[in-house]
2 protein chains.
Amino acid sequence: MVRITGKRISESTINRLSIYYRILESLEREGYQTVSSKDLAQREKLTPAQVRKDLSFFGQFGTRGLGYPVSELRRQIAEILGINKRWNVALVGIGNVGSALVSYKEFAKQGFQIKLIFDNDQRKIGSFHKGIEVHDVKNLKSLLNKNNIEIVILAVPASVAQLIIDEVVSAGVSAILSFAPANLRVPSNVTLRSVNMAMELEHLSFHLTNENLYYTA
Amino acid sequence: MVRITGKRISESTINRLSIYYRILESLEREGYQTVSSKDLAQREKLTPAQVRKDLSFFGQFGTRGLGYPVSELRRQIAEILGINKRWNVALVGIGNVGSALVSYKEFAKQGFQIKLIFDNDQRKIGSFHKGIEVHDVKNLKSLLNKNNIEIVILAVPASVAQLIIDEVVSAGVSAILSFAPANLRVPSNVTLRSVNMAMELEHLSFHLTNENLYYTA
DNA sequence: CTAACTATGTGAAGCCATTCACAAAACAGT
DNA sequence: ACTGTTTTGTGAATGGCTTCACATAGTTAG
């Protein structure tokens with residue numbers, strides 16, 4: 001899908017970069033100086049070739065005969081993933097899921113800073129969550145622009161998700177993370193990631209339901 | 001990966017079954033009797049061939065020249081996904097994320113019933129959430145067995161996630177949904193789905209960071 | 001400095017999911 | 001009943017991701 005200097009980078013490769021990043025964080029804490037593609041692969045259930053191929057899309061980071069420099073590679077992956085900078089995030093919908101997300105420490109740790117919260121419930125508008133004021137969703141577009149919001153997190157009911165997405169897109173935001181249990185559409189220049197917990201559970205129940213049939217050759 | 005009567009079913013096919021299911025729910029509400037693979041595909045951005053191939057793994061549900069019967073197909077997919085029955089679910093970790101999950105109505109709607117909650121915080125143990133008592137995680141294994149828990153949802157810090165997974169697995173549970181931002185391991189007979197919100201955001205920041213380079217041929 | 005070893009980087013091969021294309025089957029109108 | 005149209009179901013072709021395999025290059029020990 002994605003190309004960088006002429007090469008196509010698959011979504012799975014990006015996923016694995018996130019995984020490598022976490023492993024490298026651990027290795028750094030554990031005091032390792034270098035790590036081989038073999039060791040890196042063993043920590044997950046991947047092949048060494050996969051690790052090398054993934055990294056090769058972005059440059060040459062290793063030393064033959066020695067492996068990859070742990071700290072340096074971690075830094076490089078952070079740069080590739082864009083998590084070495086700060087991102088301005090807005091959250092739409094401060095119900096159960098939204099509240100949990102505001103308190104989710106992992107976000108801030110990685111540079112994702114929630115700057116604005118929106119809701120359409122008059123009782124919530126004006127209240128504060130973790131020091132952030134809840135704004136009326138009517139002012140969504142103008143406030144997104146004024147605050148240079150780059151990423152929007154959606155924690156709203158499925159029924160209104162598409163409406164809000166359209167507005168967010170028209171405000172020029174091109175990265176959206178949705179928690180609505182709905183199938184949503186965005187233009188091709190916008191990246192939408194969708195976490196659908198119901199779908200995850202359906203995967204599990206599928207496997208539970210069909211586990212005795214997996215190998216019915 | 002998965003085989004049913006000799007055919008390999010990919011994870012993506014299962015994902016799409018969930019999607020078809022939601023579309024069919026809508027179509028049913030809208031009063032449609034039948035739907036063609038073409039119409040079904042158009043609602044998502046899929047090809048008609050994809051829809052037909054996905055369904056063909058599980059049987060023949062359509063009528064040539066006419067299409068698929070909406071209600072009947074929805075019912076059939078529900079059966080394939082195993083969401084026509086009730087599942088006993090336990091939740092481990094009743095922090096921010098855990099609390100949101102307990103209140104998440106979509107779960108119950110699909111037959112996923114949270115029967116037990118666990119935590120290791122003495123202040124939380126004995127309290128109630130939506131009518132469900134919080135138990136000491138020390139009693140995890142015995143209570144999972146006693147209550148015939150089939151699915152476990154993990155909303156615990158990354159640092160303890162693997163420990164709890166190991167215990168859950170040893171209790172005989174073979175379906176786990178984790179919200180811990182960690183890379184986790186399970187035996188091959190256990191299905192683990194992992195929702196890692198930090199990874200989702202990293203995807204977004206990758207795309208934001210590299211969007212000007214996508215087509216640098 | 002040399003020899004033996006280790007591990008990267010990458011073209012080629014293999015494999016798996018998606019798409020194509022068409023025969024088969026049912027519908028609809030006459 | 002017949003003809004033309006619609007749409008499924010599926011083997012074959014395609015395309016893309018993963019794995020293989022090896023040349024290359026750097027390390028380590030003597």
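Chain identifiers are assigned alphabetically (A, B, ...) following the order of the sequence lines, protein sequences preceding nucleic acid strands; residue numbering begins at 1 within each chain.
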Check whether any side-chain nitrogen or oxygen of [X] sits under 4.0 Å from OP1 or OP2 of [N], and answer yes or no.
X: B/S12; N: C/dT18; value: yes
X: A/Y68; N: C/dG9; value: yes
X: B/R52; N: C/dT18; value: no

To the nearest Å, how far apart are [X] [atom1] and [N] [atom2]?
X: A/R8; N: D/dG15; atom1: CZ; atom2: P; value: 11 Å
X: B/F58; N: D/dT8; atom1: CZ; atom2: C1'; value: 18 Å
X: A/K53; N: D/dC22; atom1: NZ; atom2: P; value: 15 Å
X: B/L55; N: D/dT10; atom1: CG; atom2: P; value: 11 Å
X: A/F57; N: C/dG9; atom1: CZ; atom2: P; value: 13 Å
X: A/F61; N: C/dT10; atom1: CZ; atom2: P; value: 11 Å
X: A/D54; N: D/dC17; atom1: CG; atom2: C1'; value: 10 Å

Problem set entry | salt bridge (Lys or Arg N to Asp or Glu O under 4.0 Å) evaluation trace for A/E79 with A/R75 | CA-CA 6 Å; A/E79 194 167 312; A/R75 217 186 48 69; 3.8 Å; yes
For this session: Could you point out which residue of B/H207, B/E200, B/E202 forms a side-chain contact (heavy atoms from CB on, under 4.5 Å) with A/R193?
Result: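 Of the listed options, the one satisfying the test is B/E200.
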Problem set entry | side-chain contact (heavy atoms from CB on, under 4.5 Å) partner of B/V152, chosen from B/I164, B/V169, B/L144 |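 Answer after filtering B/I164, B/V169, B/L144: B/L144.
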For this session: Evaluate the side chain to side chain donor-acceptor pair (under 3.5 Å) criterion for residues B/D166 and B/Q162: first the C-alpha distance (whole Å), next the side-chain angles of each, then the deciding distance (0.1 Å), finally the verdict.
Result: CA-CA 6 Å; B/D166 293 343; B/Q162 186 63 59; 2.9 Å; yes
Exercise. Taking NZ, NE, NH1 and NH2 as the nitrogens, is one of them in A/K109 or A/E106 under 4.0 Å from a carboxylate oxygen of the other?
Worked result: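 Yes.
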For this session: Hey, which sits more toward the 5' end of DNA chain D by its nearest nucleotide, B/L66 or A/G65?
Result: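 Result of the comparison: B/L66.
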Exercise. CZ of B/F61: more than 12 outside heavy atoms within 6.0 angstrom?
Worked result: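 Yes, enclosed.
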For this session: Could you check which residues of residues 23-49 of chain B get a heavy atom under 4.0 Å from DNA chain D? Sort them by number, please.
Result: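 Hits under 4.0 Å, by residue number: B/S36, B/S37.
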Exercise. When you look at B/L101 and B/F179, which way does the side-chain contact (heavy atoms from CB on, under 4.5 Å) test go after all the steps?
Worked result: CA-CA 10 Å; B/L101 294 172; B/F179 288 86; 3.6 Å; yes
Problem set entry | Closest to the B/Q50 side chain, choosing from D/dT19, D/dG9, C/dT18 |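 So the nucleotide nearest the side chain must be C/dT18.
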Problem set entry | Polar side-chain contact A/R64-D/dT24 base: donor and acceptor under 3.5 Å |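 Looking at the base of D/dT24, it does pair with a donor or acceptor on the side chain of A/R64 (distance under 3.5 Å).
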